[in-house]
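Order of appearance sets the numbers: ligands from 1, and atoms from 1 within every ligand.
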Amino acid sequence: MKFNYVFGPVMSGRLGRSLGLDLLGDRICSMDCVYCEVGATRELTLERRPYVPAEDILHELEEWKKEGHAPPDMITLGGLGEPCLNTEMEYVISGCRDLFPDVPVAVLTNSTLMLDPEVRRELALADIVLPSLDSLVPEEFHALNRPCPGVGPEEVAQGLLEFKKMFDGRIFLEILLAEGVNDSDANLGRLEAFCKRLQPDRVDVVTLSRPGTVKKAKAVDKETLERWRKALHAGDAPVQERQLARGATLSEAHVEDMIRASLARRPQTVKQLGQALGISEEQAEKAVTRLVQNDEAVSRDESGTPFYHSCRHEIEE
Ligand code: SF4
């Protein structure tokens, strides 16, 4: 079966073998981050709607389960945009629990809707919430995250603090640094003070590892990353080296479908595709070569290692 809303599993340093659910079905987000791995935001909005009905997403999840894959370590709501924009998020979470009672549910969020008590109530149904907050300096926040008008870092921080008061699960805060944009000492000082108040279960400081929407967005150097991680008591988000269970032999068409869906979400190298999807690098290489030949994917050579991305991605200069 061809999946539109279920993708992966992908290997995540924090979540293990994580099966993704896309709650938007398109590039719909309340931000248009310069580093976004899934391309430019097509619809920039704060309006909550049932962009994809829970029923459609859960039907695909049920079909995926029927295919007999090993259960994932985590089901992660995210995908092509901000999952909290979907008003059916709570039904998706409860449906995941019905289908996979032993698998925890995580939500990736840019935190922009956290001031809404209804969003906080729905998010609190998850086991792990991974909010991002890259800068508490307004100019940096706007330059990096390019949010909907009216959204500022103070509101996002306030929403997160409110959420923390009512959430029993774990919060993994993520901060992404881009060189010359939000790696200032002013931002580090404000985030240090904020983390003391929020007390997240984990902080991850990361930088760009793949091409973003805007080509000139650059990663910070190792020293900067280390300095920030130390100051914020952050983990280093290691990629788990766990051997993935290799399922039954997959047909070439099935491997191609999985890679097509995975590349639509983020650019990856052949090695990353192999690890994430539990297939050999040889299988990944063959499939990605066919996608490139069919003009469904393109490769970009970043520091000697080709990254492949879907032709749906548009890279700004
Ligand atoms: S990185 Fe996340 S918050 Fe930013 S534009 Fe992409 S999907 Fe939206």
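For a distance threshold of 2.8 Å, the protein N, O or S atoms nearer than that to atom 4 (Fe) of ligand 1, listed by chain and number, are C33 SG.
Contacts between R146 and ligand 1 below 4.0 angstrom, taking non-hydrogen atoms only, are absent altogether.
Look at E122 and R48 and you find a salt bridge, because one of the NZ, NE, NH1 or NH2 atoms lies within 4.0 Å of a carboxylate O, short of that distance. Using a cut-off of 4.0 Å between Lys/Arg side-chain N and Asp/Glu carboxylate O, E63 and K66 are scored as salt-bridged. Checked for salt-bridge contact, D183 and K218 miss the test: no charged N lies under 4.0 Å from a carboxylate O. A salt bridge does not link R227 to E223: none of the charged nitrogens lies less than 4.0 Å from a carboxylate oxygen.
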field: side-chain hydrogen bond (donor to acceptor under 3.5 Å, both in side chains) assessment of N145 paired with N110
entry: CA-CA 9 Å; N145 301 116; N110 64 22; over 6 Å; no

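For the residue pair Q158/E162, the side-chain donor-acceptor check at 3.5 Å is satisfied.
Y51 has its side chain within reach of T45: a pair of non-hydrogen atoms, C-beta onward, lies under 4.5 Å apart.
The shell of residues lying under 4.0 angstrom from ligand 1, judged by heavy atoms, excludes E37.
Under the 4.0 Å distance rule, the nearest protein heavy atom to atom 2 (Fe) of ligand 1 falls outside the cut-off.
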